Amino acid sequence: MNENKQKQQQQLKKRRRNENAPESSVVDEEVDEKQGGVKTKHMKEILTSLILLEDQEKDDREEFAKAHQEERLQFEEYHNKKTSAMRDYYSKLQQDYHEDVDRVDDARKRKARSNTFAASNATAIALASADIEDSISGGEDKAAASDKATATGPQRRLWVKSRSKDWWDQYNSPDFPDEEFRKAFRMGKDTFDLICNELSSAVSKENTMLRDAVPVRQRVAVCIWRLATGEPLRLVSKKFGLGISTCHKLVLEVCSAIRTVLMPKYLRWPDDETVNRIKNEFESISGISNVVGSMYTTHIPIIAPKISVAAYFNRRHTERNQKTSYSITVQGVVDPKGVFTDVCIGYPGSMPDDQVLEKSTLFQRANAGFYKGVWIVGGSGYPLMDWVLVPYTQQHLTWTQHAFNEKIGEIQGIAKEAFTRLKGRWGCLQKRTEVKLQDLPVVLGACCVLHNICEMRNDDLDSSQKFELFDDEMIPEIGLRSANAMKARDSIAHNLLHHNHAGTSFLS
């Protein structure tokens with residue numbers, strides 16, 4: 001009985017275990033399903049975070065690109081404003097300077113007129129007193145002298161200081177050696193005579209009852225000798241037997257006459273026939289076609305001006321000479337013989353070459369299409385434009401670019417050599433002059449015209465009068481201003497090298 005009960009109990013336990021087994025498996029399955037749901041949820045959260053991060057990164061890139069674009073536009077706008085402001089600044093300086101000069105000239109003229117009026121009154125009073133004394137004395141001798149004076153014409157009434165003219169009389173003699181004359185006046189007698197004849201009607205004066213007029217040859221000689229030597233007016237006065245103020249006046253009058261009479265004839269842009277000849281000559285020199293001129297800009301030292309001092313300060317010359325320097329610029333274009341065909345004179349020495357070019361008449365004519373299809377060759381201080389051809393300035397040049405720069409240097413050297421002869425011939429350009437700033441453009445223009453006359457007549461410069469030229473070129477901020485010009489320059493460089501026009505000195 002006991003055994004049967006034990007068996008029944010064991011079977012009952014087995015039955016219960018079998019009944020509970022499905023319930024435990026179901027519970028396990030539910031636990032697994034819950035764990036899988038949690039994992040899926042985590043995966044979705046991770047994917048969502050990645051997508052958000054990717055979108056955020058994309059937005060950041062777009063914002064950075066937008067900010068970079070805005071920064072670039074602001075930089076370009078700032079650069080343009082800065083360039084415009086600099087141009088306006090220099091224009092205002094020039095305008096203010098000329099206004100101040102005009103005011104000073106007006107004040108000086110008013111003062112001179114008042115002094116002249118006072119002197120005239122004093123002379124009239126003195127003459128009236130003399131006439132009264134003559135009428136009171138009534139002497140026969142004085143009456144006879146008066147009758148004699150009336151018969152022979154008016155007599156001088158002003159005292160004139162007697163000065164020696166021996167030096168000028170000696171040089172003006174027909175027998176004076178031409179070589180000695182050339183050393184003093186930087187030109188031969190024939191060229192000097194030509195200039196005197198050309199200027200005769202413009203500078204000649206009539207004799208007056210007060211004094212005899214200075215002859216035309218002496219007037220021209222005073223001006224040319226002053227320009228040639230750069231000597232002070234005190235020494236010019238001593239050489240020619242004239243007053244210092246008279247010499248100063250004669251220099252300005254003759255220079256003005258040269259600008260008015262001779263410049264339109266001897267310093268002008270060539271006509272079509274001459275342009276074709278110039279192209280051929282430049283091409284024979286360099287192998288580059290359609291070149292019509294070589295351009296260069298030099299500086300003329302001046303005394304520190306009373307106004308706008310900073311504009312005329314020349315930092316590069318100051319650093320080289322270790323002495324404060326002020327200057328004005330002379331930009332010139334020359335033909336293959338070194339004759340000037342265009343000049344731009346008078347802009348402040350602080351302006352770089354490219355800014356002087358932009359303010360010149362040459363640049364205005366180029367914008368009007370006057371130089372379309374031709375080249376004017378400049379140095380590295382000028383920008384590359386549709387009509388200005390300049391050398392390559394970047395580092396690590398190719399052989400083709402080296403060869404091109406060598407040929408450009410040969411053309412550029414013609415302009416530099418012309419300025420060397422200009423300064424060597426006219427000593428007034430080598431040192432600070434006494435000429436006032438407002439009168440300098442007229443004087444410098446006269447030097448360029450006289451240089452052309454001497455070059456055209458083959459009046460060679462004496463070897464002892466050579467001058468070493470120093471002008472530092474500054475690379476412009478924007479050196480490449482035309483994509484077409486870049487392609488044209490590359491094409492010219494390629495043709496020079498592959499048609500055996502390029503030199504090989506850069507290989508040595």
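All values reported here derive from a predicted model rather than from experimental measurement.
A salt bridge links Asp178 and Arg182; the closest N-O separation between the charged side-chain nitrogens and carboxylate oxygens is under 4.0 Å. Note on Arg316 versus Glu319: no salt bridge recorded, every NZ/NE/NH1/NH2 to OD/OE distance being 4.0 Å or above. Between Glu455 and Arg425 there is a salt bridge, since at least one side-chain N of the basic residue sits less than 4.0 Å from a carboxylate O of the acidic one. Of the charged side-chain nitrogens involved, none lies within less than 4.0 Å of a carboxylate oxygen, so that Glu231 and Lys239 do not count as a salt-bridged pair. Arg457 and Asp190 are not joined by a salt bridge, as no carboxylate oxygen comes within less than 4.0 angstrom of a charged side-chain nitrogen. A salt bridge is defined here as a Lys NZ or Arg NE, NH1 or NH2 lying under 4.0 Å from an Asp or Glu carboxylate O, and Glu281 with Arg277 meets this definition. With respect to Arg481 and Glu358, a salt bridge is recorded, a charged nitrogen being found less than 4.0 Å from a carboxylate O.
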CA sep, side-chain torsions, deciding dist, call: Phe192, Arg217, side-chain contact (heavy atoms from CB on, under 4.5 Å): CA-CA 9 Å; Phe192 180 80; Arg217 289 179 63 84; 3.6 Å; yes
Going through the distances and angles, do Tyr392 and Asp490 end up as a side-chain contact (heavy atoms from CB on, under 4.5 Å)? CA-CA 10 Å; Tyr392 293 96; Asp490 292 340; 2.5 Å; yes
Show, in sequence, the C-alpha distance, side-chain angles and deciding distance for Leu389 and Phe404, and conclude whether the side-chain contact (heavy atoms from CB on, under 4.5 Å) test is met. CA-CA 11 Å; Leu389 190 61; Phe404 174 82; 3.9 Å; yes
Begin with the C-alpha distance, continue with both residues' side-chain angles, and end with the deciding distance and a verdict on side-chain hydrogen bond (donor to acceptor under 3.5 Å, both in side chains) for Asp386 and Ser482. CA-CA 6 Å; Asp386 290 332; Ser482 171; 2.3 Å; yes
Can you check side-chain contact (heavy atoms from CB on, under 4.5 Å) on Val343 and Gln331, steps first, answer last? CA-CA 6 Å; Val343 291; Gln331 172 190 284; over 6 Å; no
Start with the C-alpha gap between Ser289 and Lys279, add the side-chain angles, then the distance that decides, and say whether side-chain hydrogen bond (donor to acceptor under 3.5 Å, both in side chains) holds. CA-CA 7 Å; Ser289 59; Lys279 287 181 181 179; over 6 Å; no
Step by step, work out the side-chain hydrogen bond (donor to acceptor under 3.5 Å, both in side chains) result for Asn314 and Ser325. CA-CA 6 Å; Asn314 192 318; Ser325 300; over 6 Å; no
Kindly indicate, with the supporting measurements, whether the criterion side-chain hydrogen bond (donor to acceptor under 3.5 Å, both in side chains) is fulfilled by Glu198 and Tyr266. CA-CA 12 Å; Glu198 294 270 7; Tyr266 292 100; 3.3 Å; yes
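To the nearest 0.5 angstrom, Leu252 atom CG is 11.5 Å from Cys247 atom SG. One finds the SG atom of Cys428 at 7.0 Å from the CG atom of Leu444 (value rounded to the nearest 0.5 Å). The distance from the CG atom of Leu262 to the CG atom of Leu450 is 7.5 Å, given to the nearest 0.5 Å. Atom-to-atom distance recorded for Asp353:CG and Met295:CE is 8.5 Å, nearest 0.5 angstrom. The OG atom of Ser360 sits 7.0 Å away from the CG atom of Asp342 when rounded to the nearest 0.5 Å. Taking CG of Asp354 as the reference point, atom CD1 of Ile478 lies at 9.0 Å (rounded to 0.5 Å).
A side-chain donor-acceptor contact under 3.5 Å links Asn321 to the backbone of His317. Looking at Arg219, its side chain does come within 3.5 Å of a backbone N or O of Val214 through a donor-acceptor pair. A donor-acceptor distance shorter than 3.5 angstrom exists from the side chain of Asn280 to the backbone of Asn276, with no hydrogens or angles considered. For the pair Thr420 (side chain) and Lys416 (backbone), a donor-acceptor distance under 3.5 Å is present. Here the side chain of Thr398 pairs a donor or acceptor atom with the backbone of Gln401 at under 3.5 angstrom. Thr400 contributes no side-chain N or O that, together with a main-chain N or O of His494, makes up a donor-acceptor pair within less than 3.5 Å. Remark: side-chain polar atoms of Asn452 are not paired, donor with acceptor, to backbone N or O of Val339 under 3.5 angstrom. With hydrogens and angles disregarded, a donor-acceptor distance shorter than 3.5 Å links the side chain of Thr329 to the backbone of Tyr347. Side-chain N or O atoms of Asp439 include none that pairs as donor or acceptor with a backbone N or O of Val435 at under 3.5 Å. Between the side chain of Lys189 and the main chain of Pro174, a donor-acceptor pair closer than 3.5 Å is present.
The two residues Ile411 and Ser294 come nearest to each other via the heavy atoms O-OG, 2.7 Å. The two residues Pro383 and Val390 come nearest to each other via the heavy atoms O-CG1, 3.8 Å. Residues Trp426 and Met187 approach most closely at CH2-CE, 3.8 Å, considering heavy atoms. Shown here for Gly338 and Ala418, the closest heavy-atom pair between the two residues is O-CB, 3.6 Å. The two atoms that bring Gly424 and Arg186 nearest to each other are O-NE, 4.1 Å, heavy atoms only. Nearest heavy-atom pair, Val334 versus Phe282, reported as atom, atom and distance to 0.1 Å: O-CZ, 4.0 Å.
Under the 30°/60° scheme for interplanar angles, the aromatic rings of Tyr171 and Phe176 are found to be tilted. Trp167 and Phe185 have tilted rings, their planes meeting at an angle from 30° to 60° on a 0 to 90° scale.
No side-chain heavy atom of Lys359 sits less than 4.5 Å from a side-chain heavy atom of Gln364. Looking at Ile408 and Ile288, their side chains come closer than 4.5 Å, going by heavy atoms from C-beta outward. Here the side chains of Thr433 and Ile302 are not in contact, with every heavy-atom distance at 4.5 Å or above. Side-chain contact between Val203 and Glu253 is absent, with no heavy-atom pair separated by less than 4.5 Å. Under the 4.5 Å side-chain criterion, counting only non-hydrogen atoms from C-beta, Ile414 is not in contact with Tyr296. You'll find the side chain of Phe240 reaches within 4.5 Å of the side chain of Val236, heavy atoms only. In this structure, Trp168 and Leu242 have side chains that are not in contact, with every pair of non-hydrogen atoms separated by 4.5 Å or more.
Defined by atom type and a distance below 3.5 Å, a donor-acceptor pair is missing between the side-chain atoms of Asn197 and Ser200. Using a 3.5 Å distance cut-off with no hydrogens or angles, the side chains of His299 and Ser327 do pair a donor with an acceptor. Judged by distance alone, the side chains of Asp335 and Thr341 never bring a donor and an acceptor atom under 3.5 Å apart.
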Atom pairs and distances, side-chain donor-acceptor, residues 367-374, under 3.5 Å, sequence neighbours left out:
from, atom 1, to, atom 2, distance (Å)
Tyr371, OH, Arg365, NE, 2.8
Tyr371, OH, Arg365, NH2, 2.8

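Other residues, nucleotides and ligands contribute only 12 or fewer heavy atoms inside 6.0 Å of the NZ atom of Lys249. Sparse packing is recorded around NZ of Lys487, with 12 or fewer heavy atoms of other residues, nucleotides or ligands lying under 6.0 Å away. Within 6.0 Å of the CD atom in Glu273, the count of heavy atoms belonging to other residues, nucleotides or ligands does not exceed 12.
In this structure, the side chain to side chain contact (heavy atoms under 4.5 Å, CB included) partners of Ser256, at least two apart in sequence or on a different chain, are Arg259, Thr260, Val442.
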